[in-house]
Amino acid sequence: MFFGRAADEVIGEEHLWQVGENAYVVLDARDVRAARVGGSMLTFGVAMSEFDGALERLAAHGVDHGPVETYSNGVRHVEVLDPDGNSLSLAALP
């Protein structure tokens with residue numbers, strides 16, 4: 001329970017609470033996240049049609065990213081870590 005209610009959606013170990021039209025708070029219980037406690041994690045939603053272009057723009061500026069994942073619900077996701085372990089992710093809904 002968070003915000004006095006159960007998560008609006010659970011995807012694997014991620015528990016999502018919708019807090020705005022296009023805004024979610026996500027709690028992630030995976031060990032990989034626990035290892036980075038104290039670091040920031042920010043996810044930007046992008047249009048599916050803009051996802052690959054965003055990755056190309058990052059690469060053009062020398063910014064590396066992790067592997068692109070496609071979840072069973074069709075969401076595409078990629079994570080970018082800075083040298084301090086802070087995470088910026090892009091996610092595109094199908």
Can you give the donor-acceptor pairs under 3.5 Å from side chains of residues 50-62 to other protein atoms, not counting sequence neighbours?
{"residue": "Asp52", "atom": "OD1", "partner": "Arg76", "partner atom": "NH1", "Å": "3.2"}
{"residue": "Asp52", "atom": "OD1", "partner": "Arg76", "partner atom": "NH2", "Å": "3.2"}
{"residue": "Arg57", "atom": "NH1", "partner": "Gly53", "partner atom": "O", "Å": "3.3"}

Spatial distance of atom [atom1] ([X]) from atom [atom2] ([Y]) [nearest 0.5 Å]:
X	Y	atom1	atom2	result
Ser89	His65	OG	NE2	12.0 Å
Glu9	His15	CD	NE2	11.5 Å
Trp17	Asp8	CH2	CG	8.5 Å
Glu79	Thr43	CD	OG1	8.0 Å

| request: Considering non-hydrogen atoms only, spot the tightest contact between Ala7 and Val10 and give its length. | output: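 Shortest heavy-atom contact: CB-CG2, 4.1 Å.
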| query | Where is the tightest heavy-atom contact between Asn73 and Pro94, given as atom of each residue plus distance? | reply | O-CG, 3.4 Å
| query | Should side-chain heavy atoms under 4.5 Å link Ile, Leu, Val, Met, Phe, Trp and Tyr, which residues sit in the same cluster as Val75? | reply |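 Same cluster as Val75: Tyr71, Leu93.
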| task | Kindly indicate whether the side chain of Ile11, heavy atoms from C-beta on, has any atom under 4.5 Å from the side chain of Leu16. | result | yes
| said: Do Leu88 and Phe44 make a side-chain contact, defined as non-hydrogen atoms from C-beta onward lying under 4.5 Å apart? | reply: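 They are in side-chain contact.
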| Does Leu90 belong to the same Ile/Leu/Val/Met/Phe/Trp/Tyr cluster as Leu42, with side-chain heavy atoms less than 4.5 Å apart forming each link? | yes
| query | After noting the C-alpha distance and the side-chain angles of Val80 and Val63, does the key distance pass the side chain to side chain contact (heavy atoms under 4.5 Å, CB included) rule? | reply | CA-CA 8 Å; Val80 179; Val63 178; 3.6 Å; yes
